[in-house]
Number of protein chains: 2
Amino acid sequence: MTAIESQRGRLSRQSIARSAADIIGSDGLGAFSLRSLAKTLGVDPAAIYRHYENLDDLLRDVADLALAPVTEKFVTSADPLDDVRRLLLRLRHVLLSSGVARLNVSGPSRHSNELQITEVMLTSFAKLGLSSKDAVMAYHVLIEFTVGSASLDAPLASSPADRRDTYKRWRTDYKTVDAETYPAIAAHASRLYPSSERVFATGLDALLNQLLVRSHSDD
Amino acid sequence: MTAIESQRGRLSRQSIARSAADIIGSDGLGAFSLRSLAKTLGVDPAAIYRHYENLDDLLRDVADLALAPVTEKFVTSADPLDDVRRLLLRLRHVLLSSGVARLNVSGPSRHSNELQITEVMLTSFAKLGLSSKDAVMAYHVLIEFTVGSASLDAPLASSPADRRDTYKRWRTDYKTVDAETYPAIAAHASRLYPSSERVFATGLDALLNQLLVRSHSDD
DNA sequence: ACCTGAACACCGTTCAAGT
DNA sequence: ACCTGAACACCGTTCAAGT
């Protein structure tokens, strides 16, 4: 109910990043821009440049902010492999539900939530007896798979029902391909495009399984 | 040497898509826009809309055009698993070198080059004795890993030397994290960020290995 | 010190007009 | 039928000006 009395000191990196994360979380990445953010904040677009160098700089903060729920209240168990599994399933879910999956932040942000995820994974691998070399490699492979596949699945993240419909449409599209030129596709058409959750879970388990095998030979 | 004599009939879906792929291939995705493409073609931006419904429609063609080298002169061997391995290494390389890795084309284009890749993979899995269900799942997992990780590695694709420098910088950055809060990261700092090629190769081999294991139990 | 306002150099897309 | 030109509703970013 209080009217805006002063335009000074209202902004901070925190309040800007949080507002940006809110816009992306509720209306999607497509609804976000520096200008739409400024409008939401009731501020001139240029004002943001007093707090952030540029859009990339801001998005790095937004991405890390969105990752907070991944390690929040995460309790490690006696099974380090299951810990990693649960953590990465959480990571995928958070990336998709927060709307930041498609955010083009290149390279590690090295902010707290990202570092926390890295720390949990590397600790788990150490518990599993992996060498430093294997642990680091496992970390990168699993992160690339999780973040990469979340990024590919993100555009379909609108609603579960919409997603199923999209997949269904793609499957029927595959049925129309020429069976002479593409016999294998024609034969598998009805099975193509299972739910992306099942694809991810299958790939994740395959990778985790193989990490166990690797830990035997290298110890 | 012939001057432009007529503005009519100079455009086609083929010539537009090819020109777009050329721009992206030589100057990168950042240099491409509908307007920059129109300028290269010596045409008004609006002219493109006579041939393509919108940008997404055009990019679908561009993406498939870029995939041509993947199956070109690809010869299958007596080892179907190695065929898949070679195909996906090619796919990654083409995605990165053509500049289209970051192209946000959601869903399958169902154009010829994409279908060709799908056909080779599904055929190889059949040769390996995988069930239809397992073959389709393997296909999706491997494509998500390959396309997803290429997408994440793309921004670093400038030059191999630049890439190494970037990784080196990141590794030294990790050495500055607080060793009390992040002991595992501190312990592994010097090893973090191995070459993305090695990460991909490791993940790919892990997944392919696991596919063999799976094919035993489900036959 | 922090925000505003205007400007710059861009976008994708639409639509009436030309040929 | 195909392309042009102008317009619309946007972008991120810079910089002088206000308070």
Side-chain angles (χ1 to χ4, degrees), chain A residues 2-24 27-63 99-100 102-107 109 155, chain B residues 2-24 27-63 99-100 102-107 109 155:
Chain A
T2 57
I4 297 164
E5 294 179 12
S6 166
Q7 299 295 86
R8 306 196 45 248
R10 290 188 305 112
L11 295 181
S12 69
R13 286 176 73 98
Q14 264 257 337
S15 68
I16 294 170
R18 201 168 290 277
S19 184
D22 285 349
I23 294 171
I24 295 170
D27 300 332
L29 248 183
F32 174 81
S33 69
L34 243 169
R35 291 179 112 104
S36 74
L37 170 61
K39 185 172 270 181
T40 304
L41 290 166
V43 114
D44 191 276
I48 292 165
Y49 287 84
R50 289 285 139 186
H51 304 270
Y52 283 104
E53 217 179 292
N54 52 37
L55 186 59
D56 244 56
D57 190 15
L58 164 59
L59 291 181
R60 236 171 268 276
D61 269 16
V62 173
V100 304
R102 280 263 165 142
L103 228 52
N104 273 345
V105 178
S106 61
S109 71
Chain B
T2 58
I4 296 164
E5 295 179 10
S6 164
Q7 299 293 89
R8 307 197 44 248
R10 290 187 305 113
L11 295 180
S12 69
R13 287 175 73 97
Q14 264 257 337
S15 68
I16 293 170
R18 202 168 291 277
S19 184
D22 285 350
I23 294 170
I24 295 170
D27 300 332
L29 249 183
F32 174 81
S33 69
L34 244 169
R35 292 179 112 103
S36 74
L37 171 60
K39 186 172 268 181
T40 304
L41 290 166
V43 114
D44 191 277
I48 291 165
Y49 287 84
R50 290 284 139 188
H51 304 271
Y52 283 104
E53 217 178 291
N54 51 39
L55 186 60
D56 244 55
D57 190 15
L58 164 59
L59 291 181
R60 238 171 267 277
D61 269 16
V62 174
V100 304
R102 279 264 165 141
L103 228 52
N104 272 344
V105 178
S106 62
S109 71

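The model shown is predicted, which means the values in this text are computed figures rather than measured ones. To find a chain, count down the sequence lines: A is the first, B the second, and so on, and within it residues start at 1.
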### Message
Please enumerate all residues that pass side-chain contact (heavy atoms from CB on, under 4.5 Å) together with B:D27, with sequence neighbours excluded.
### Response
B:A31
### Non-neighbouring partners of B:A17 that pass side-chain contact (heavy atoms from CB on, under 4.5 Å), sequence neighbours left out
B:Y52, B:L58, B:D61, B:V62, B:L65
### Message
Quick one, A:I23 and A:K39 - any side-chain contact, counting heavy atoms below 4.5 Å?
### Response
no
### Message
Are A:V105 and A:D56 packed together at the side-chain level, in the sense that at least one heavy-atom pair is separated by less than 4.5 angstrom?
### Response
no
### Query
Of all heavy-atom pairs between B:S15 and B:R10, which one has the smallest distance, and what is that distance?
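Residues B:S15 and B:R10, closest heavy atoms: OG-O, 4.0 Å.
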### Query
To the nearest angstrom, how far is A:K39 atom NZ from C:dG5 atom P?
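Value for this atom pair: 14 Å.
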### Message
Please report the distance, rounded to the nearest Å, between CG in B:L37 and P in C:dC10.
### Response
16 Å
Quick test: give all pairs of protein nitrogen or oxygen and nucleotides 11-15 of chain C nitrogen or oxygen below 3.5 Å, distance rounded to 0.1 Å.
from, atom 1, to, atom 2, distance (Å)
C:dC11, OP1, B:S33, OG, 2.9
C:dC11, O5', B:S33, OG, 3.4
C:dG12, OP1, B:L34, N, 3.0
C:dG12, OP2, B:L34, N, 3.1
C:dG12, OP2, B:R35, N, 3.3
C:dG12, N7, B:R35, NH1, 2.5
C:dG12, O6, B:R35, NH1, 2.8
C:dT13, OP2, B:Y49, OH, 2.7
C:dT13, OP2, B:L55, N, 3.0
C:dT13, O5', B:Y49, OH, 2.9

### Message
Rounding to an integer number of angstrom, what distance separates D:dA9 and C:dA9 when you compare their P atoms?
### Response
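To the nearest whole Å, 22 Å.
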Give the table of side-chain donor-acceptor pairs shorter than 3.5 Å for residues 40-51 of chain A, with sequence neighbours excluded, one pair per line with atom names and distance.
from, atom 1, to, atom 2, distance (Å)
A:T40, OG1, A:S36, O, 2.9
A:D44, OD1, A:A46, N, 3.0

### Candidate pair A:V100 and A:F32, rule side chain to side chain contact (heavy atoms under 4.5 Å, CB included), full reasoning
CA-CA 11 Å; A:V100 304; A:F32 174 81; over 6 Å; no
### Task
Decide, yes or no, whether a salt bridge links B:D22 with B:R18 under the criterion of side-chain N to carboxylate O below 4.0 Å.
no
### Task
Would you give the length of the straight line joining atom CG of A:L11 to atom OG of A:S19, rounded to the nearest 0.5 angstrom?
9.5 Å
### Atom pair CG (B:L34) and CG (B:L55), whose distance is rounded to the nearest 0.5 Å
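If I round to the nearest 0.5 Å, the distance is 5.0 Å.
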### Message
Counting runs of three or more consecutive pairs, Watson-Crick or G-U wobble, with each distance below 3.5 Å, where are the stems of DNA chain D?
### Response
C:4-8 with D:12-16, C:12-16 with D:4-8
### Task
Under 4.0 Å from any atom of DNA chain C, heavy atoms only: list the residues of residues 15-22 of chain B that qualify, in numerical order.
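Of all residues in residues 15-22 of chain B, none places a heavy atom under 4.0 Å from DNA chain C.
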